[in-house]
Amino acid sequence: MDAQSYNAALTELRTVRDEIKSARAALAKLESNRDRRVTQLASHEKAKAERIAPAAGLSVSDVVALAPALAPAGLVSEQPRPAPSGTGRDPAPPAVPEQAQQPPAPPAKTAAPQPSAPAAVVPVAELAPQGPRSLPSVPEGSTGDAWFTHTRGLASQRPNFTQQARSTVFLDTSTGILVHRNQTHHLDLGAASAADILTAVFHTIPEGVERIYITAGDPWHLDADRYPYLRDAVTAWLNAPIPGWRTDTGRGRDRMAGHFVHARSPVGRYQREDGSQHVEIRSVREWFDIDGDEPATVRDAFVLLWQGLRRHWNDAVLMGSPSQTGRDLWTRTIPQRGQYAEGFPVLSEELRGLLHATAGQGRNELITPPGVPDPLPRLVEYDRTFAYAKHTWKSPVGAPRRITAAAFAAWSEKEQTRALYGCGHWQVRVTVPDTWNHVGILPAPAPGDRAWHYPAAPGTTFTTWAGGPEIHTALTNPTTPWKIEILDGILWEDGKPLDDWAKKLKETWTNLAAQAHFQGDAGQARAAHLASRAVRSILLYGIGSFAQRPRMVTGTTPRTLERDVPPDAEIIGFDDEQITWQKPTGFSRDPNAHPEWAAAIWSGARAALLTQRHRDDDIYAGALHTPPGTVVAFRTDALYLTQPQNWPHHHQPGDYLLRGHLDGPLTAPATEGELLTLRDRGRTALTALTSAGQET
């Protein structure tokens with residue numbers, strides 16, 4: 001590109017910028033007009049949110065947020081069964097989105113007095129919900145007591161069959177490069193529709209394949225500019241007609257059927273019309289992020305991953321996603337002898353629903369001025385290495401017990417301490433100390449589905465649910481104990497259902513990470529690194545899959561029949577012809593549903609972001625061990641600070657790894673996007689500094 005072309009391109013880019021700005025302004029005006037009309041409609045005597053929602057293209061909860069008077073009675077009165085809070089449309093993962101260990105004790109060198117944990121516990125019997133979103137409670141009396149059981153005839157059991165490997169290829173749809181085993185092919189993909197991909201792949205490999213991983217190109221986004229939502233573009237790409245093929249309906253033990261619509265990592269499942277062949281198209285980003293890696297490198301990463309897992313599971317098979325693989329590998333660690341040889345029973349649907357609504361995942365919080373200085377002197381990123389693997393050594397097992405406020409009050413101090421150290425999920429009323437000047441400790445329900453925040457203002461009182469690790473942290477933090485009032489609780493026995501599984505994954509991760517570090521061949525080193533990231537995903541998403549969210553049903557209704565949209569449905573897209581919606585339909589009879597395990601790990605992970613003891617170094621790390629006003633953000637297992645810390649890193653799960661360092665002054669980020677921009681700059685700066693130091 002010469003200078004003239006460069007300047008011309010800049011002029012065109014400015015034009016596009018101005019058009020975007022104008023379009024955003026027009027959109028904001030339309031949305032304001034829509035919200036005003038919703039509010040006007042709400043003044044009608046017989047107005048109903050479920051009627052207004054499809055007309056506005058909003059969910060019922062969005063309409064209620066604009067017009068609280070339209071809230072259905074079921075949302076403001078106590079229900080005998082808690083409705084899961086959220087739509088279940090998570091990106092996954094997470095975050096994610098990892099953790100469940102005994103909470104650390106306060107540092108020995110702190111100057112603040114540290115009373116024992118039970119001294120700050122005040123049992124009370126009444127519940128006074130506060131805040132913009134109330135969390136469900138366990139009903140009183142025999143109705144609530146009936147929740148504390150297991151679902152009859154449903155338990156996680158060791159499989160008596162061997163998974164069958166699937167013939168797999170790796171395809172870059174931007175270049176047409178296809179890797180099948182040790183062979184590389186160049187395909188003409190045309191417009192890269194699902195039909196184009198299947199036609200080209202099966203022409204090149206006539207014996208057929210069962211899984212096509214897209215390594216680059218994101219073909220499901222090619223017509224995104226034609227649709228109001230990215231999910232609509234993905235849905236259209238997945239459902240476009242393919243001569244000779246139709247949507248897969250599942251077979252045998254493989255119950256995965258139908259397409260999975262996700263804005264970034266969808267899954268297309270197809271079968272021949274005569275049922276002779278089945279194939280799925282999915283994104284390799286489910287396993288790890290790639291950065292321009294060739295399909296051959298991705299293939300090598302999967303080979304190394306399989307070889308690493310085979311050292312611990314002689315029947316290990318890589319399934320379509322890390323969550324499927326993680327759960328399958330876990331079932332093959334269920335003991336064949338002992339107390340749980342018959343399997344791990346699944347909780348009642350009521351308790352699963354309660355945990356789904358009250359046990360959040362990773363902590364994601366951005367602290368803005370005046371909570372942090374503006375400008376920031378610098379931004380330093382610490383990431384907990386393979387964090388969730390740190391918190392799998394202890395998990396809830398056995399029949400759950402209800403611990404009422406009265407029962408907790410009747411216990412001795414020793415019994416109360418043991419319970420809070422144990423595997424429990426507690427409903428509490430929390431009061432932030434009047435002298436508190438640091439970040440919040442316990443999650444509280446915030447406006448919006450599945451949204452959480454962390455109150456830190458002195459004197460704030462709120463009601464929430466939390467796990468033992470976080471409650472113990474609030475009671476024994478290195479500054480000032482918080483006031484915790486036990487309202488209700490669920491307590492299990494301590495067990496190790498995930499310990500063997502996690503140890504094998506940690507060993508696999510360690511070996512692959514070592515290969516990536518010591519491998520002389522750059523390509524194999526990169527493949528080993530990707531494989532180690534895949535192990536992390538297996539554990540991370542495997543834990544998330546235990547949570548088992550309510551099933552979602554997606555459907556369409558003609559625009560002329562808007563009134564037929566189910567009243568509890570969420571509108572996820574629409575065009576001139578039809579409305580696309582989805583709604584929860586409850587929990588399936590999943591034998592591997594154990595939300596109590598995921599909840600315990602997530603609670604331990606959030607607590608470790610605040611305080612974590614390194615016994616060998618006799619050092620404490622975490623947000624509460626930094627000066628007040630230096631914590632900029634939390635992101636699942638990462639911490640962003642304005643000051644560097646001398647925290648040890650021994651390449652062990654849970655250690656804080658320095659990932660980025662960007663010197664200031666820097667404008668304090670006001671949005672997640674601004675934080676991520678600074679994060680990327682900080683990682684680049686640290687890499688450059690490290691490289692320069694190595695060369696020196």
Are W330 and W597 close enough, and set up right, to give a ring pair (Phe, Tyr, Trp, His ring centres under 6.0 Å), and what steps lead you there? CA-CA 13 Å; W330 172 76; W597 297 348; 5.2 Å; yes
Kindly indicate, with the supporting measurements, whether the criterion side-chain contact (heavy atoms from CB on, under 4.5 Å) is fulfilled by T630 and Q643. CA-CA 7 Å; T630 62; Q643 296 181 6; 3.7 Å; yes
For Y213 and T168: C-alpha separation, side-chain torsions, deciding distance, then whether side-chain contact (heavy atoms from CB on, under 4.5 Å) applies. CA-CA 7 Å; Y213 277 121; T168 302; 3.6 Å; yes
Going through the distances and angles, do F634 and Y640 end up as a ring pair (Phe, Tyr, Trp, His ring centres under 6.0 Å)? CA-CA 6 Å; F634 299 87; Y640 297 82; 9.3 Å; no
Before giving the answer on side-chain contact (heavy atoms from CB on, under 4.5 Å), spell out for T325 and W287 the whole-Å C-alpha distance, their side-chain angles and the decisive distance to 0.1 Å. CA-CA 11 Å; T325 304; W287 293 86; 3.3 Å; yes
Under the salt bridge (charged side-chain N to carboxylate O under 4.0 Å, His left out) criterion, do D637 and R536 qualify, and how do the steps go? CA-CA 13 Å; D637 50 13; R536 176 186 179 276; 3.4 Å; yes
For side-chain contact (heavy atoms from CB on, under 4.5 Å), just list the numbers for T508 and H312, CA-CA rounded to whole Å, side-chain angles, deciding distance to a tenth of an Å, and then say yes or no. CA-CA 8 Å; T508 304; H312 300 284; 3.2 Å; yes
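Side chain to side chain, Q361 and R606 fail the donor-acceptor criterion of an N or O pair below 3.5 Å. Using modelled atom types, one finds a donor on one side chain and an acceptor on the other under 3.5 Å when comparing H278 with D248. Donor-acceptor pairing under 3.5 Å is recorded for the side chains of S156 and H594. There is no side-chain donor-acceptor pair under 3.5 Å between T215 and D172. Side chains of D616 and H614: a donor-acceptor N/O pair is absent below 3.5 angstrom, by distance only. Counting only N and O atoms by type, the side chains of N477 and H438 include no donor and acceptor under 3.5 Å apart.
Under the 3.5 Å distance criterion, the side-chain polar atoms of W501 are matched with a main-chain donor or acceptor of G326. When atom types are taken as modelled, the side chain of T473 and the backbone of P469 share a donor-acceptor pair closer than 3.5 angstrom. Judged by distance alone, the side chain of R269 and the main-chain N or O of H259 form no donor-acceptor pair under 3.5 Å. Although no hydrogens or angles enter the test, the distance criterion places no donor-acceptor pair under 3.5 Å between the side chain of N511 and the main chain of W509. Listed for the T684 side chain is a donor-acceptor partner under 3.5 Å among the backbone atoms of D680. Within the 3.5 Å criterion, the main-chain N or O of A600 finds no donor-acceptor partner in the side chain of S395. At distances below 3.5 Å, at least one donor-acceptor pair connects side-chain atoms of D655 with backbone N or O atoms of Q652. R327 places a side-chain N or O within donor-acceptor distance of the main-chain N or O of N592, the cut-off being under 3.5 Å. Panel note: side chain K496, backbone K394; no donor-acceptor pair is recorded below 3.5 Å. Not one N or O on the side chain of E280 forms a donor-acceptor pair closer than 3.5 Å with the backbone of V267.
The two residues G682 and L662 come nearest to each other via the heavy atoms CA-CB, 3.7 Å. Minimum heavy-atom separation, R384 to A605: NH1-O, 4.0 Å. The nearest pair of heavy atoms linking S265 to E286 is CB-CG, 4.0 Å. When all heavy atoms are compared, the tightest approach of P295 to V179 is CB-CG2, 3.6 Å. Between S321 and R282 the shortest heavy-atom distance is CB-NH2, 3.5 Å. Scanning all heavy atoms of the two residues, the minimum distance from L678 to P669 falls at CD1-CD, 3.9 Å.
Within a 6.0 Å radius of CD in Q307, other residues, nucleotides and ligands contribute more than 12 heavy atoms. In this structure, D521 places its CG atom where more than 12 heavy-atom neighbours from other residues, nucleotides or ligands lie under 6.0 Å away.
Counting heavy atoms from C-beta on, the side chains of P266 and L238 come closer than 4.5 Å. In this structure, the side chains of W492 and H425 come closer than 4.5 Å at one or more pairs of heavy atoms. Here the side chains of R264 and H221 are in contact, with some heavy-atom distance below 4.5 Å. Side-chain contact between E470 and P443 is present, with heavy atoms from C-beta onward closer than 4.5 Å. Taking 4.5 Å as the limit, some side-chain heavy atom of I212 sits within range of a side-chain heavy atom of I214. Counting heavy atoms from C-beta outward, T642 and V380 have side chains that stay 4.5 Å or more apart. Here the side chains of E596 and L355 are in contact, with some heavy-atom distance below 4.5 Å. Considering only heavy atoms from C-beta on, F170 stays 4.5 Å or farther from H180 through its side chain.
Of the options Y656, Y620, Y382, W647, a ring pair (Phe, Tyr, Trp, His ring centres under 6.0 Å) to H625 is made by Y620 and by none of the others.
Using a 4.0 Å cut-off between charged side-chain N and carboxylate O, R533 and D289 make no salt bridge. A salt bridge is absent between E507 and K503: the closest approach of a Lys/Arg side-chain nitrogen to an acidic carboxylate oxygen does not fall below 4.0 angstrom. In this structure, R635 pairs ionically with E672, as a charged nitrogen and a carboxylate oxygen lie closer than 4.0 Å. Under a 4.0 Å N-O distance rule, the pair D315/R310 does not qualify as a salt bridge. Using a cut-off of 4.0 Å between Lys/Arg side-chain N and Asp/Glu carboxylate O, D328 and R332 are scored as salt-bridged. Ion pairing between a basic and an acidic side chain is recognised when a charged N comes within 4.0 Å of a carboxylate O; R352 and D590 show no such pairing. A salt bridge does not link R679 to E381: none of the charged side-chain nitrogens sits closer than 4.0 Å to a carboxylate oxygen.
Taken to the nearest 0.5 Å, the NE2 atom of H649 stands 12.0 Å off from the CG atom of D617. Remark: T297 OG1 to I290 CD1 distance equals 9.5 Å, nearest 0.5 Å. Atom CG of L329 sits about 10.5 Å away from atom CG of L539, to the nearest 0.5 Å. Between the NZ atom of K504 and the CG atom of D499 there is a distance of 11.0 Å, given to the nearest 0.5 Å. Atom OG1 of T385 is separated from atom NE2 of H650 by 11.5 Å, given to the nearest 0.5 angstrom. Remark: L305 CG to L318 CG distance equals 5.0 Å, nearest 0.5 Å.
Ring planes of Y340 and F344: parallel class, angle under 30° (limits at 30 and 60°).
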